[in-house]
Amino acid sequence: MTALAALAVAAVAAPKAEKFVAPEVLAEADRVWRLGEQGDASEAARQGDALVRAADALRDVDRLEEAREYYRRAGLVRPWDFATKLRQADTLLRLGDSAGAREVAAPVARYVETDAELAECRRFTGAAEPAGLPRLADAPPAADEVVIALVATPTTERWLVQTVGRALAAQLGARVTLAGTDWAIGKADRTGRVFLANELRRTLPWDDPRMGLVRLNGEKFKPENLNADQVIELMRTLLTREANAKGLETLAARVAAADKVLQWSGPGLLPRLQADFPPPAQGRVVYLALLPVDLYAGRSNFVFGSAAGEGGYAVVSYHRFAAATTGEPPRSERLAERTMKQLLSSLGFALGVPRCADPGCARSYPHSLAEHDAKGTGLCATCRAGLARALGHELPAAQ
Ligand SMILES: [Zn+2]
């Protein structure tokens with residue numbers, strides 16, 4: 001064959017190159033797998049990406065039988081890598097092994113915290129979508145009834161709304177309904193710039209005489225009067241005067257990161273909730289908005305919820321309870337439990353039940369997520385009595 005003819009053959013064969021898995025990808029995966037086999041599970045887990053890469057590469061070129069084995073190995077090394085497990089289940093399904101796909105996806109379905117992942121799991125487990133809560137519009141309160149109505153935003157996880165809704169109904173013996181699923185909370189009230197500015201306030205050389213020469217917008221300034229943007233601007237001005245290129249670059253990166261942190265004012269959302277969900281013609285409705293976004297109030301850096309005292313309205317955030325925020329491995333049951341405690345707490349305030357001092361009670365004040373987790377899920381006798389009075393009926397016996 002002439003050189004030219006060889007080139008022509010290569011050109012024709014070119015599309016097949018897409019179906020190629022580099023041998024070093026598989027060699028690397030095999031090396032990591034051997035690490036685990038030799039007893040170094042921690043190192044194998046640390047380098048587990050190599051197994052995932054090999055499995056994905058094989059799956060991409062339809063070498064599914066081989067992909068199956070590499071996914072199996074990846075699953076053993078990294079049992080908490082749910083995204084990979086779902087690709088493993090998909091591979092098994094494509095191989096006709098629906099029982100295997102179900103076996104891989106079923107434990108994932110018990111742990112994931114998002115609707116999207118749950119829907120993906122259901123493709124393999126065949127589980128039915130859980131029934132939604134009854135809609136408030138279909139079942140308004142009777143004349144002497146107090147109904148709890150959950151309000152969701154378009155991005156609130158629906159499974160969480162349904163799970164806590166059912167749990168609330170069981171614990172309180174009250175009807176829990178869904179008032180809306182597309183509540184619009186508008187733009188964030190502030191960004192992480194407030195936290196960045198607080199840090200900068202501590203590092204700025206306020207007592208340095210040269211600070212007296214700095215002008216902001218041509219004005220002399222009083223440190224206590226500066227808002228977050230002005231503190232950041234002051235730092236930028238100082239770094240510019242010092243020609244500190246590295247410092248300016250770091251500051252720009254920190255500002256960019258701060259702008260990605262969004263917070264809504266809990267007390268600020270309450271009047272909007274009130275306006276969008278007016279009281280019913282008869283009976284009483286307590287509106288509880290369940291939000292995926294972070295909330296703050298007053299001087300607090302964050303709050304888990306805000307309620308209008310006796311007003312029948314509360315907003316609750318599960319942002320700081322979710323694995324996506326805490327960095328914990330996902331566990332839907334933990335997320336639902338944390339959210340329930342806060343809903344009970346805020347619901348009580350919305351109904352005029354005072355704060356609780358019993359650390360074991362779901363309604364006691366947590367200063368941190370750790371304290372929130374340490375609380376029980378049940379209600380103390382005082383809170384049970386207070387909620388019973390407010391709801392107009394005895395609560396079911398505690399489980
Ligand atoms: Zn209590």
Side-chain angles (χ1 to χ4, degrees), residues 19 21 25-132 157-167 318 321-324 326-339:
K19 294 265 176 194
V21 175
V25 170
L26 298 183
E28 182 64 3
D30 292 341
R31 186 186 63 75
V32 171
W33 177 244
R34 279 195 302 274
L35 280 176
E37 296 247 279
Q38 286 155 13
D40 197 347
S42 135
E43 195 52 31
R46 203 178 64 77
Q47 300 184 39
D49 269 348
L51 288 161
V52 176
R53 258 197 309 276
D56 288 344
L58 289 164
R59 173 170 175 258
D60 284 349
V61 301
D62 291 326
R63 285 164 63 179
L64 299 181
E65 282 292 352
E66 291 159 276
R68 179 210 294 254
E69 175 57 15
Y70 281 92
Y71 277 127
R72 187 187 72 81
R73 294 176 177 186
L76 286 166
V77 169
R78 287 192 174 174
W80 285 91
D81 181 348
F82 293 160
T84 299
K85 280 198 180 292
L86 290 175
R87 292 199 298 281
Q88 178 184 10
D90 179 69
T91 305
L92 293 173
L93 199 61
R94 281 163 65 184
L95 282 164
D97 182 5
S98 57
R102 199 178 316 122
E103 203 174 302
V104 168
V108 177
R110 285 197 294 276
Y111 278 89
V112 289
E113 297 186 356
T114 66
D115 288 330
E117 289 165 305
L118 275 171
E120 179 72 358
C121 287
R122 279 198 292 271
R123 262 184 65 210
F124 310 115
T125 61
E129 202 168 331
E157 299 294 341
R158 294 294 180 270
W159 74 265
L160 185 59
V161 175
Q162 287 155 7
T163 303
V164 297
R166 282 192 292 270
Y318 62 88
F321 302 154
T326 63
E328 297 162 303
R331 189 157 73 82
S332 51
E333 200 180 294
R334 179 187 59 213
L335 175 53
E337 200 169 276
R338 287 172 173 171
T339 307

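Every heavy atom of this structure was used, including side-chain atoms; hydrogens, water molecules and symmetry mates were not. Keep in mind that this is a model prediction, so the values were computed, not measured.
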- Query: Thr91 side chain to Leu64 main-chain N or O, any donor-acceptor pair under 3.5 Å?
  - Reply: no
- Any chance you could measure Ser42, atom OG, to Gln47, atom CD, to the nearest 0.5 Å? 9.5 Å
- Query: Is there a side-chain contact between Val32 and Val77 (heavy atoms, below 4.5 Å)?
  - Reply: no
- Task: Salt-bridge test for Glu66 and Arg59: reply yes if a basic N is under 4.0 Å from a carboxylate O, no otherwise.
- Result: no
- Task: For residues Phe124 and Val104, determine if any side-chain heavy atom of one lies less than 4.5 Å from a side-chain heavy atom of the other.
- Result: no
- From OG1 (Thr114) to CG (Leu160), nearest 0.5 Å: 11.5 Å
- Query: Backbone N or O of Arg331 within a donor-acceptor pair of the Glu113 side chain at under 3.5 Å?
  - Reply: yes
- Is the CD atom of Glu328 crowded by more than 12 outside heavy atoms at less than 6.0 Å? yes
- Query: Nearest heavy-atom pair of Arg338 and Phe321: which atoms, and what distance?
  - Reply: NH1-O, 2.9 Å
- Can you tell me if Tyr71 and Asp90 form a side-chain donor-acceptor pair at under 3.5 Å? no
- Does Asp40 come within less than 4.0 Å of Arg46, counting only side-chain N to carboxylate O? no
- Assess whether atom CD of Glu43 is packed by more than 12 heavy atoms of other residues, nucleotides or ligands within 6.0 Å. yes
- Interatomic distance, Ser332 atom OG to Glu117 atom CD [nearest 0.5 angstrom]: 10.5 Å
- Message: For a quick test of reading the model, state the closest non-hydrogen atom pair linking Leu51 to Ala29 and the distance between them.
- Response: CD2-O, 3.5 Å
- Exercise: identify the closest heavy-atom pair between Pro79 and Leu76: CD-O, 3.8 Å
- Which atom pair, heavy atoms only, marks the closest approach of Ala105 to Ala89? CB-CB, 4.4 Å
- Please report the closest heavy-atom contact between Pro329 and Arg334, naming both atoms and the distance. O-NH2, 2.6 Å
- Message: Looking at Arg34 and Glu37, is there a salt bridge between them, counting it only when a charged N and a carboxylate O are closer than 4.0 Å?
- Response: no
- Answer yes if the side chains of Arg68 and Gln88 hold a donor-acceptor pair under 3.5 Å, and no otherwise. no
- Below 6.0 angstrom between ring centroids: does that apply to Trp80 and Tyr111? yes
- Item | CG on Leu92 to NZ on Lys85, rounded to 0.5 Å | 10.5 Å
- By side chain to side chain donor-acceptor pair (under 3.5 Å), Arg87 pairs with (sequence neighbours left out) Asp56, Thr84
- Query: What closest approach, in Å, do Pro130 and Gln162 show between heavy atoms, and which atom pair accounts for it?
  - Reply: CG-OE1, 3.6 Å
- d(Thr163 OG1, Arg158 CZ) to nearest 0.5 Å is 12.5 Å
- Message: To the nearest 0.5 Å, what is the distance between CG on Leu26 and OH on Tyr70?
- Response: 4.5 Å
- Message: Looking at Asp115 and Trp159, would you say the former's side chain and the latter's main chain have a donor-acceptor pair under 3.5 Å?
- Response: yes
